[in-house]
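Residue numbers start from 1 in every chain, and the chains themselves are labelled A, B, ... in the order their sequence lines are given, proteins ahead of strands.
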Amino acid sequence: MNVVFAVKQYISKMIEDSGPGMKILLMDKETTGIVSMVYTQSEILQKEVYLFERIDSQNREIMKHLKAICFLRPTKENVDCLIQELRRPKYSTYFIYFSNVISKSDVKSLAEGDEQEVVAEVQEFYGDYIAVNPHLFSLNILGCCQGRNWDPAQLSRTTQGLTALLLSLKKCPMIRYQLSSEAAKRLAECVKQVITKEYELFEFRRTEVPPLLLILDRCDDAITPLLNQWTYQAMVHELLGINNNRIDLSRVPGISKDLREVVLSAENDEFYANNMYLNFAEIGSNIKNLMEDFQKKKPKEQQKLESIADMKAFVENYPQFKKMSGTVSKHVTVVGELSRLVSERNLLEVSEVEQELACQNDHSSALQNVKRLLQNPKVTEFDAVRLVMLYALHYERHSSNSLPGLMMDLRNKGVSEKYRKLVSAVVDYGGKRVRGSDLFSPKDAVAITKQFLKGLKGVENVYTQHQPFLHETLDHLIKGRLKENQYPYLGPSTLRDRPQDIIVFVIGGATYEEALTVYTLNRTTPGVRVVLGGTTVHNTKSFLEEVLASGLHGRSKESSQITGRSGSRR
Amino acid sequence: MASLDDPGEVREGFLCPLCLKDLQSFYQLQSHYEEEHSGEDRDVKGHIKSLVQKAKKAKNRLLKREGDDRAESGTQGYESFNYGGVDPYMWEPQELGAVRSHLSDFKKHRAARIDHYVVEVNKLIIRLEKLTAFDRTNAESAKIRAIEKSVVPWVSDQDVPFCPDCGSKFSIRNRRHHCRLCGSIMCKKCMELISLSLANKLTSASKDSLSTHTSPSQSPNSVRGSRRGSISSVSSVSSVLDEKDDDRIRCCTHCKDTLLKREQQIDEKEHTPDIVKLYEKLQLCMEKVDQKAPEYIRMATSLNAGETTYSLEHANDLRVEVQKVYELIDTLSKKILTLGLNRDPPPHPHTLRLQRMVRYSATLFVQEKLLGLMSLPTKDQFEELKTKRKQELEKKRLQERKAALESQRRLEEKQSGLAPRAANGEVASLRRGPPSLQKAEGWLPLSGGQGHSEDSDPLLQQIHNITSFISQAQAAGRTDEMRTLQENLRQLQDEYDQQQTEKAIELSRRQAEEEALQREQLQMLQEREWEREKEQFQAVSLHTRTQSLDFQEVRPFQLDPGREPHTLLTHTLHRGVPPAQSRAAPKTPSPSSAGEPMRAWCGPPALSQEFLPPSSAPQPTEVPAPNPFEEEDLSSPTEEGAGSPPAAEASVRLSAQIPREYNPFEEEEEEDEETVVGNPFVTPDGSAPNPFDEEDESPSQRPSSPPGLGNPFEEPACTNPFEVDNDNDSGPEGEGPIEEELLLQQIDNIKAYIFDAKQCGRLDEVQVLTENLRELRRTLAKQQGDLD
């Protein structure tokens with residue numbers, strides 16, 4: 001079920017199969033991202049892969065002493081490029097791997113292009129998704145829906161990605177989907193269709209309890225992607241943005257040249273692996289330790305290189321030392337920047353009110369706090385808008401809803417029209433009308449008791465009290481209590497036992513907060529493995545872009561309340 | 001809590017978070033809180049304005065606690081095992097995902113296409129062969145034409161009024177030309193020419209492949225021979241009607257294209273670029289390193305331990321060899337890097353990148369492997385090591401004999417000891433329990449030490465337990481119980497000895513030697529045990545300080561894991577001062593305070609002083625404190641359940657009072673690991689005071705933000721007493737001169753303790769210390785004598 005490992009295994013196999021000798025890896029835009037998530041350059045260098053090229057890059061030199069490993073998505077453009085390449089081969093041998101199912105006719109036209117018999121291998125390796133963490137994958141699709149329905153191109157890409165994931169994990173699942181979302185149903189059907197069509201591929205060893213694929217829609221929980229985050233990974237994504245494990249730090253004031261872009265990968269950064277799910281306070285102290293460790297080593301090494309033993313120790317540890325120095329400066333920079341942003345944008349205060357809006361039901365206090373923060377000049381327009389969005393989502397139907405007043409406040413604050421329009425767009429996207437389940441008030445006795453107990457204990461951490469709605473859904477699913485009238489099975493068969501291997505896919509994008517939730521669930525629930533995926537992994541900014549792309553913006557708040565029912569929702 | 005008590009929807013009641021009293025409304029709760037609990041927590045009162053803030057307060061408290069035990073918070077990532085679930089990182093690796101091969105399909109389609117193509121090429125080449133098989137320069141044009149026409153039937157002129165390639169009309173001026181290879185017609189513009197040299201190249205290169213394709217009778221050689229004869233017979237006639245193409249053959253563009261492609265293929269087959277040659281050499285070298293390096297490391301380890309399995313010269317040769325290979329790798333990769341740099345035009349950027357990458361990976365390879373090569377002892381050192389080892393072997397033999405005597409004596413004792421044991425019900429039952437019976441009733445093994453005793457061997461566990469019982473009994477002053485316990489311990493040791501002996505027989509000679517060494521240790525330890533028993537009645541607490549030189553002798557064998565159990569005993573019974581501390585003793589002899597005895601053992605003087613609170617009273621009693629590695633454990637990320645530092649301090653303090661509490665075994669293990677791994681970067685994940693605060697200005701200067709979770713830098717930087725220095729312990733073991741250094745350091749240390757003890761007036765301590773000092777000096781002298 002480890003998705004990183006699954007992709008990595010595919011890549012290793014490709015390299016292994018091509019035998020010894022210098023190699024070049026030919027990829028397309030997407031597979032470049034897929035490979036870079038699981039392999040570092042130095043790691044892949046050790047396997048004699050020295051060059052990385054895009055298949056569509058012109059100007060490639062003829063190097064007949066290289067073997068070419070082609071890892072490509074089976075798109076029309078790629079196949080055409082490849083046929084051209086084979087007609088005039090630039091490398092001695094070609095090992096061709098497609099990341100998904102390729103049609104027979106494409107294979108034929110490729111074969112006919114290979115006049116010089118340079119192709120040694122043609123295979124399908126289903127690494128067709130971005131493996132972010134062992135339990136988290138993404139398809140890097142921003143804006144998957146038009147209105148409430150799929151953008152057809154994205155639907156097919158998502159289907160491919162999801163089926164590739166199933167194949168790479170060797171799972172042939174039962175499918176459940178969120179009834180309130182048309183998109184979820186469509187996707188479920190498409191996946192089912194592929195499974196039926198490629199039944200030979202999906203013939204795996206039967207497990208006692210079949211795996212389960214649960215397809216959800218982001219619009220059921222628009223709150224989670226709007227919150228500020230305080231665990232390391234999520235926070236870095238929220239404030240700096242993670243793109244295929246890369247973080248752009250070029251806007252950080254006074255950044256040194258080699259830190260303009262840093263890579264945070266749990267695969268080869270031990271510190272990050274150990275700290276990505278810890279909260280900011282803990283990171284702070286851990287980074288102190290890291291620094292201290294580093295400093296303790298450094299001066300001493302220089303100071304005490306008198307005896308042979310000292311020198312030996314130094315030399316022996318030199319590579320690690322170098323590696324460590326890289327890690328230290330990277331994390332210190334990142335955490336320093338986070339820290340700067342937190343204070344500059346007054347995020348502690350903002351986040352506290354956000355959490356109140358998300359988790360509590362005290363309208364007057366919430367309104368008061370939002371109003372107060374809107375007056376604060378330190379609060380950026382982005383944060384101001386998200387506060388109002390959270391308010392609008394939570395108190396959409398509240399009797400004394402004073403959203404118009406808040407919108408006025410936004411205008412007075414000088415928030416741009418683009419952002420103000422987004423408020424109603426978000427309500428359109430994930431408002432009560434759309435949601436299939438109740439996001440804010442728990443309904444069943446267990447949840448109420450749980451909240452009650454939580455009340456007794458006091459909130460552990462005001463900044464992280466919010467639990468994504470996904471938690472409740474998964475909790476019910478694991479306990480076999482997820483209602484079939486809200487999340488029906490596709491097809492006649494249902495699961496009698498509690499599910500063991502679960503794949504959750506969120507149309508419209510998952511978040512790192514949800515990834516953490518799934519991580520914790522995995523760690524705390526024996527016998528259950530959950531993998532989370534999404535069309536992308538959102539932070540607030542990308543989520544708002546998603547909302548914008550869905551084309552639901554532009555309507556005024558009133559019309560969304562009164563006439564908004566005309567949406568394509570069932 | 002806040003969300004529940006919110007007046008919005010849930011109205012279960014307003015419970016006071018501290019006393020759980022049910023109050024009727026929010027305001028009542030608030031006033032109740034202010035009245036009842038204001039004394040308890042002033043901060044709470046200040047913040048009670050809103051329940052949200054109350055929640056924050058709870059978090060603050062949480063944070064404060066976190067600040068105290070950062071060690072714990074730092075290890076959260078590892079606690080996952082306790083919950084029952086599995087960290088996704090730990091999911092068992094799955095098999096390779098599904099794959100599907102299209103190769104057979106592909107080959108089928110390709111074969112159809114390729115067959116056609118290959119036949120075409122071969123046909124052309126055979127014709128070319130025929131056309132060039134005779135002496136063109138001397139032949140008449142008419143003859144040539146006749147032969148050419150015989151090779152391939154020419155398309156008749158009438159059939160082709162226009163050039164099929166460019167479409168121009170043929171006329172008197174625009175004459176038809178025939179392709180000599182396929183017989184087709186084209187105009188002069190579209191005509192191509194093949195030079196004889198190219199033709200020769202193509203035909204000669206294809207001979208091999210063609211001979212396999214064509215039947216023997218058609219093989220080019222036979223064709224050539226027969227043709228030549230026939231040509232010579234007609235060579236006398238000559239007439240020149242057409243322009244003469246003595247050395248060239250006319251053909252159409254299509255045929256020429258095909259042939260050129262063919263030529264390219266031939267070129268590629270024959271030509272290996274320089275980079276490939278160099279690269280192949282490079283790979284060979286790397287393979288060699290992969291073979292030789294492990295062999296060398298094995299040798300070096302053995303030699304450094306003073307063994308004579310391998311000869312020093314041989315190892316040196318090997319070392320030189322390996323180093324030479326590394327140099328070769330370096331030069332080869334450098335050559336690759338600079339290939340063609342001076343050429344004009346400069347190589348393609350991709351070529352350069354390839355060269356750079358090859359060089360880079362070679363550098364990585366060398367960095368990784370070369371730096372792992374350990375050095376060999378010099379000749380003198382090796383001699384020294386050898387003699388030392390010999391001595392130890394002798395001692396071991398001696399000890400074996402003694403052990404035999406001892407066991408006999410013990411047998412007698414056992415019989416006589418039956419009665420008293422029966423009387424002492426509780427202890428006896430415990431003592432007689434199977435070895436696996438753990439730290440049960442009776443004396444409770446204290447958590448501080450026992451927490452680590454996860455030995456694989458139940459015997460060892462039992463030994464641990466008993467030693468801990470002994471120390472407790474000692475503290476309680478129950479001498480008779482203690483005696484029985486000690487006897488029990490001896491039995492266990494006996495048993496263990498037996499186990500070891502059995503193993504020793506099975507193991508190779510080398511292992512047997514080490515084994516014997518261990519026994520020697522044991523012997524010494526037993527002698528000491530007797531001494532100790534005498535002392536115990538006088539000064540129980542002082543036993544902590546009984547320093548032994550065992551440690552010094554023990555150290556050279558640190559690498560041998562099989563020895564651990566014995567050192568364990570050694571350590572339990574003789575709390576040796578760990579000798580490896582290289583701090584400059586005079587500077588920091590006193591500052592170890594009661595609560596933080598470890599300080600004395602921390603790192604270099606500069607650092608440890610930095611971490612010392614100036615107020616801590618000098619308490620030299622605590623100086624030879626328990627296990628200096630213990631707090632490393634506490635703070636190490638793998639340690640679970642490590643209490644907060646105060647708790648740890650407490651336990652340490654406790655164990656200082658009740659000696660033998662801590663678990664020396666742990667220490668050994670730690671050290672071994674470090675030595676083997678050689679990694680001083682083992683992160684002592686404890687919460688140490690951090691210079692970060694002072695040095696990294698930007699994140700720490702954030703006075704505006706509340707002290708909530710968000711800001712790590714405002715958290716009270718708690719000073720960490722448990723500064724652990726790995727470096728000093730990891731390197732030098734097993735090397736004569738360094739050991740001497742350590743001895744000297746140790747002597748310095750002891751001197752310092754004596755000074756302290758004198759100042760505080762603890763005379764008995766002074767006495768013990770002086771004894772230690774004397775012993776150390778004696779060893780030093782002996783060592784120096786050995787050297788000379």
Query raised in the report: Are Arg110(B) and Glu115(A) ion-paired here, with the side-chain N under 4.0 Å from a carboxylate O?
Result: no
Query - Sidechain N-carboxylate O distance under 4.0 Å for Arg529(A), Glu92(B) - result: no
Under 4.5 Å from any heavy atom of chain A - which part of [X]:
X         : value
Ser104(B) : neither
Lys261(B) : side chain
Gln94(B)  : both
Glu280(B) : neither
Ile114(B) : side chain

Relative to chain B, which segment of [X] carries a heavy atom at a distance below 4.5 Å: side chain, backbone, both, or neither?
X         : value
Asn59(A)  : both
Ala120(A) : backbone
Phe204(A) : side chain
Glu203(A) : neither
Val530(A) : backbone
Met1(A)   : both
Gln41(A)  : side chain
Phe271(A) : neither
Lys170(A) : side chain

Nearest heavy-atom pair of [X] and [Y]: which atoms, and what distance?
X         : Y         : value
Leu364(B) : Ser42(A)  : CD1-CB, 3.6 Å
Val107(A) : Phe106(B) : O-CD1, 3.9 Å
Glu121(A) : Ser101(B) : OE2-OG, 3.9 Å
Leu45(A)  : Ser361(B) : CB-CB, 4.1 Å
Pro88(B)  : Asn522(A) : CG-ND2, 3.7 Å

Report task. Apply side chain to side chain contact (heavy atoms under 4.5 Å, CB included) to Trp91(B) and Val3(A), showing your working. Result -> CA-CA 10 Å; Trp91(B) 280 345; Val3(A) 296; over 6 Å; no
Query raised in the report: Side chains of Tyr97(A) and Val99(B): closer than 4.5 Å at any heavy-atom pair?
Result: no
Query raised in the report: So do Leu354(B) and Leu66(A) actually touch side chain to side chain, heavy atoms under 4.5 Å?
Result: yes
Quick one: pull up [atom1] in [X] and [atom2] in [Y] and give me the separation to the nearest 0.5 Å.
X         : Y         : atom1 : atom2 : answer
Leu96(B)  : Phe125(A) : CG    : CZ    : 6.0 Å
Met357(B) : Ile44(A)  : CE    : CD1   : 10.0 Å
Thr524(A) : Asp87(B)  : OG1   : CG    : 11.0 Å
Leu352(B) : Glu61(A)  : CG    : CD    : 8.5 Å
Tyr50(A)  : Ile336(B) : OH    : CD1   : 8.0 Å
Ile102(A) : Asp105(B) : CD1   : CG    : 11.0 Å

Query raised in the report: Can His102(B) and Gln123(A) be counted as having a side-chain donor-acceptor contact under 3.5 angstrom?
Result: no
Which one of [options] has the most heavy-atom pairs closer than 4.5 Å to chain B?
options                                   : result
Glu337(A), His135(A), Glu117(A)           : Glu117(A)
Glu112(A), Arg60(A), Glu48(A)             : Glu48(A)
Lys13(A), Met22(A), Met63(A)              : Met22(A)
Leu167(A), Asn2(A), Val528(A), Val531(A)  : Asn2(A)
Met276(A), Gln46(A), Glu200(A), Gln116(A) : Gln116(A)

Report summary line: Assert top hit (heavy-atom pairs under 4.5 Å, partner chain A, pool Lys108(B), His116(B), Gln283(B)) equals Gln283(B)
Report summary line: Highest number of heavy-atom pairs under 4.5 Å with chain A among Arg113(B), Glu95(B), Arg100(B) belongs to Arg100(B)
Query raised in the report: Looking at the rings of Phe5(A) and Tyr89(B), which for Trp means the six-membered one, are their centres under 6.0 Å apart?
Result: no
